[in-house]
Structure formats: structure tokens, C-alpha cells
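Right, I'll just put the structure down here and ask away after.
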Amino acid sequence: MRILPEDTSVLDALGDREAEILGRAVDWCAVNSGSRNLEGLERQRALLEAVLTRLPGEVENRPLNPSPEVGADGVVREQPHPAALLLTVRPEAPVQVVLTGHYDTVYPEGSPFQTVRTREDGALWGPGIADMKGGISVMLAALEAFEAHPAKARVGYRVLLSPDEEIGSTGSAPLLAELGALGHVGLTYEPAMGDGALASGRKGSGNFHLVVKGKSAHAGRDFASGRNAVAGAAQVAAALHALNGEREGVTVNVASIAGGSPLNVVPDTAVVRFNVRVPDQDAAAWIDREIDRVATAAMFEGLSVHRHGGFTRPAKPFDAGQQALFEAVKQAGALLGQTVLWRPSGGVCEGNNLYAAGLPNVDTLGVIGGDIHSETEYAWPQSFVQRARLSAVLLMKLASGEIDAPGLKALRAQS
Ligand SMILES: [Zn+2]
């Protein structure tokens, strides 16, 4: 692999646009787009659509199915999502790339964390600057620059910008599966780790809600006829927690018990919420059976347990196809003087979904930063152009065939 003169002009153009690449990400962070803030998400979507239309191809607003949410009262309600944005460029080209990002954040409408400031050490500190409005700006910058490359006709791409990644992508999961099947290689713009490392293998993840139903009664006059759902939920929680350590790599995090009643009433409803991480499909099947066992075990007479939720993202092992793709990214980075490292991550993202759909992918091509999902989230401004250049080189080397996209896809199919 080497850098040609036409590649150099693409890379130089990115350097010239640094202020714009940073500035638009900072502006986007000032729009609150918490996963449940529909109005804010709509505003963010419109801003992104305006940038997408600067690229060739067709922009679509793809409506998403609502996702079920179990309330503290045990009732399941449908939660709507705004549309996902999908840009399709040159779908007939011999190499097809799928690029994904999410425009929701973890910060709700009422969060005090709403704008980007510059820290004393120069880092940008703000909601979504790393995860992943900075990453979206990097992705779009790389594509904009690539459109000036003479070999662009060899690469077509689909860009998906989704509104529900931070709550498990249940709405956009069908779209991720559809796109995963259509591409040769996937590029997703989650932030890299603090030292710039990419995430290699990822576990699978599931979110579950067990609704415990008992019987309400007056705690003084009629205590014996009550069936205490909170006490049952506590036993369910303890049984779930006891699964930790039972199987290599499987963790169960009991996150909350919701529900309850006034002090003089036996509570009839409680909801146990928990997250499960698994290293592979066999482990997922094992924990699935264990959850069923816990849910059907009689905690005590008169209680029932209903199970909701499930696995949202399958595991993403670092198999031969993934390793070959990461080696290619490493070589591309070396052309720019960038050292590309990787290690496994405990987190999950759209890259898990794309992998499950048969698409080899790198999912941490966004900016370098840290403290994501907290009010100290930050990103290093110098990483924006660096990472846009890395993606631009990947696109140019996919176009030249030096990175063999169909070969990588075939390797994934064998694993
Ligand atoms: Zn993210």
C-alpha cells in the first residue's frame, strides 16, 4: 500500500477543513438529542440531513418501529423513535461500504450538560462530542473528501445515522441487518479508546425486565391475603446475581428493582431490570435458559413472573476476517504515520449488529476521547482530522483494491 499524489490532495483537503469539521460537531452537541427527546432528535436529524445532501446519492428518512418499554407499573408501552437517515451512493459500484453512526446521546433533555467547552488542556468537553457527534463529523468529512478522488466510482456506500443506539438499537436493528447484508466492509464511528486503540472483540448484550406480580392487601387489616411482589423481586434479583461466576465470560448486572407501594400496603407489582453480557452464542443460549429457570421458579405461592426484553446485540468475536480487516486498517494508518492498536472492549454498539449480519467491520473509527456517558465526556480536537484522514485512506485503498473488500466479506462468511 502506498500514498499516491491524488491521495495526498484528498488528505490535504481534510487539513484545510479542520475548523469546519470541529465547528459543526460542537454546534451539534448544543442540540440535546437524548434518546427519548423526540423534538431534539428531530432537530438534530434535520441538521444532519442538510450535510448528507451535500454528498451525491439519495437521502431517505426511514421510519423505525417503536420499541416496547416496560414501565414501573409492569405495563408495556410502545416508545416511538424519529426516522433514521439513510444515504445511498453508487449502489452499483463493485465495492460497497456501509458507514454507521448514531445521533442520539445518553443525556436527557433536562441534563445540566448541554454545550461544549474547551478544557485548560485543550480537550473539547461536551455532551456527545466523542460519542458520537464528533465521529459523525469525521465520517462525513472523509466521504466529502473522498468524493474528489479520481477512483471514487469504484466505491459505493450507504450511510446510516440512527436515533436509538444508546438504548439498544431495537428500532434500527432491522435496518442494520439489511445494510450489513448489502456491504463488503462496515465502518462505524464510535470513539476510539483514550490512547486511540480500536475495539477488537466485543461481547454480546441483552436487556431484560422481569415483571413480578403479587396481590395487594392492607398491611394491617388483611396482611395474610397479600402476596408481596417486592419481596419476590428481591429473591429474583438475588437468583440472577448468583449466576455471576457460573459460566466463563458471562455477567449479569441487576440494575434496578422498580415498583412498590405505600408503607401500609402489600405491593402487588415490581420490575427487576438487568443487563447480561456474553462472549458467544452458546453462552447466550445458556443464560437464556437460566433466566427462564429463574422466571418460572416459584418464589412463593401467589406470585407470577413475566419476562420481557432479550438480547439486543450478538457477540462480535475477533475472528480471522476481523483480524484481516484490522491489519488493513493498521497498514492504512502506517501510511499516515498513525499507530493503530486494538484490544477487546466490554462495550457493545452497532458494529455487533453489522457483524451478525455478515459484515466485517471496524466500529471505533470516530474521534479519540474518553469519559463517555458521563458529564466529563471529552474529545481531543487534533484527533478529528487525524481520524478523518484514516477513514479517507481506507476508502481510497478500498477503491484501489489494495484492501480487498470482497475478499474480507468472503472471509467473514467462512467463520
Ligand atoms: Zn456511541
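Numbers here simply count residues along the sequence, with the first being 1. Counting convention: from 1, in listed order, for ligands and their atoms alike.
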- Message: Under a 3.5 Å threshold, yes or no: a donor from one side chain and an acceptor from the other, between E190 and H102?
- Response: yes

| task | Count the heavy atoms belonging to other residues, nucleotides or ligands that lie under 6.0 Å from NZ of K213, then report whether that count exceeds 12. | result | yes

Q) Strictly by modelled atom types, are T188 and E350 linked by a side-chain donor-acceptor pair under 3.5 Å? A) no

- [ ] Starting from the C-alpha separation in whole Å, work towards a yes-or-no answer on ring-ring contact (aromatic ring centres under 6.0 Å, His included) for Y157 and F146.
- [x] CA-CA 11 Å; Y157 50 89; F146 176 66; 7.0 Å; no

- For the Zn ion (ligand 1), decide whether H102 has an N, O or S atom at a distance under 2.8 Å. yes

Using a distance threshold of 2.8 Å, state whether an N, O or S atom of E166 lies below it from the Zn ion (ligand 1).
no

min-distance N/O/S atom, E190 vs the Zn ion (ligand 1), resolves to OE1

Looking at D131, the N, O or S atom sitting nearest the Zn ion (ligand 1) is OD1

